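Please read the structure below before turning to the comments.
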Amino acid sequence: MLEATCRCGETLDVADADLGTALEAARRGDEDGVRQLFRAFQPLLLRYLHQRAPGSAEDLASETWLAAAKGLPAMVGGVDEFRAWLFTLARNKVADHYRTAARRPAADPWAADLDVADPVDRAEAVADDLDAQAAVRDLLQFLSPDQAEVVLLRVVADLSVDEVARLMGRSPASVRVLQHRALRRMERVAKRAGAVRHEV
């Protein structure tokens with residue numbers, strides 16, 4: 001079996017041709033086709049959602065796949081179009097999530113003190129924070145929301161400039177400018193952090 005490598009550096013277990021076949025099968029309602037698409041895109045989708053909505057990524061991913069399952073028979077295009085469509089659905093779910101959260105009454109500030117975390121969950125959370133995703137999250141906090149969105153969609157979701165432009169309602173040129181500025185900013189922040197570490 002061939003391997004497909006996305007621009008983000010991850011190797012997918014399924015070849016592009018196999019994904020195309022899986023997509024066609026999934027459109028016809030074939031469970032194996034859906035499973036192959038899920039295996040190929042779920043890690044990228046979760047990585048994107050963990051950055052956009054920490055703490056709700058798994059729920060939003062489930063909602064995204066449910067929406068995809070409903071719309072898949074009518075979805076037009078190949079694997080690249082499916083990827084762009086899937087991340088459009090995810091982006092919409094994130095927006096809905098924050099709209100809903102803004103309408104909810106504020107939580108009781110004392111309730112957080114009463115909630116005792118499970119030590120196993122805390123250990124897993126600490127371990128998760130030690131990986132590269134934590135570094136990406138730390139760097140993204142120095143970017144504007146649009147710059148962070150472009151970086152996530154280009155690097156994590158592996159979308160092309162044109163796909164990101166359509167998704168964000170911008171021109172490809174503005175997406176390139178946002179990406180360029182974001183990467184320069186991230187580079188400066190990383191260099192500053194490295195210099196501080198060397199001084200310590």
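The analysis underlying the following values was restricted to heavy atoms, covering all of them including side chains, and did not include hydrogens, waters or symmetry mates. A quick note: this is a predicted structure, and the numbers were derived from the prediction, not measured.
Closest heavy-atom contact between A26 and G33: CB-C, 3.9 Å. Looking at every heavy atom in both residues, A53 comes nearest to Y98 through CA-OH, 3.4 Å. Closest non-hydrogen pair, M75 versus G78, comes out as CE-O, 3.9 Å. P172 and A165 make their closest contact through N-CB, 3.7 Å (heavy atoms, listed as atom of the first residue, atom of the second, distance). Contact detail for A90 and L45: the closest heavy-atom pair is CB-CD1, 3.5 Å. Residues F87 and L159 come closest through the heavy atom pair CB-CD1, 4.1 Å.
To the nearest 0.5 Å, atoms CG (L37) and CG (D30) are separated by 10.0 Å. With rounding to the nearest 0.5 Å, the separation of OG1 in T88 from NZ in K93 is 12.5 Å. Once rounded to the nearest 0.5 Å, the distance linking CG of D158 with CD of E163 reads 8.5 Å. F142 CZ to M186 CE: the interatomic distance, rounded to the nearest 0.5 Å, is 10.5 Å. The OG atom of S56 sits 9.0 Å away from the CD atom of E63 when rounded to the nearest 0.5 Å.
Of the possible polar contacts, none joining the Q42 side chain to the R39 backbone as a donor-acceptor pair under 3.5 Å is found.
Connection of V177 to L167 is not established within any shared hydrophobic cluster, with ILVMFWY side chains joined at heavy-atom distances below 4.5 Å, either directly or through further cluster members. Under the 4.5 Å side-chain heavy-atom criterion for ILVMFWY residues, no single connected hydrophobic cluster contains both V79 and V34. L66 is not connected to L46 by any chain of hydrophobic side-chain contacts under 4.5 Å among Ile, Leu, Val, Met, Phe, Trp and Tyr, and they are in different clusters.
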Evaluate the criterion side-chain contact (heavy atoms from CB on, under 4.5 Å) for residue pair R181 and R176; output intermediate values, then yes/no. CA-CA 9 Å; R181 289 179 180 163; R176 284 189 193 92; over 6 Å; no

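Under 4.0 Å is where a charged nitrogen must lie from a carboxylate oxygen, and between E24 and R27 at least one such pair does.
Applying the ring pair (Phe, Tyr, Trp, His ring centres under 6.0 Å) rule to pairs touching residues 58-80 yields F38-W65, sequence neighbours excluded.
In this structure the side chain of F82 reaches within 4.5 angstrom of the side chain of L72, judged on heavy atoms. With a 4.5 Å cut-off on side-chain heavy atoms, R154 and V161 count as touching.
Put simply, the residue from L89, N92, V94 that forms a side-chain contact (heavy atoms from CB on, under 4.5 Å) with L60 is V94.
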For residues 144-153, please give each side-chain donor-acceptor pair under 3.5 Å, one per line with the distance, not counting sequence neighbours.
residue: S144; atom: OG; partner: Q147; partner atom: N; Å: 3.1
residue: D146; atom: OD2; partner: R170; partner atom: NH2; Å: 2.6
residue: Q147; atom: OE1; partner: S144; partner atom: N; Å: 3.1
residue: E149; atom: OE1; partner: R52; partner atom: NE; Å: 2.9
residue: E149; atom: OE1; partner: R52; partner atom: NH2; Å: 3.0
residue: E149; atom: OE2; partner: Y48; partner atom: OH; Å: 2.9
residue: E149; atom: OE2; partner: R91; partner atom: NE; Å: 2.6

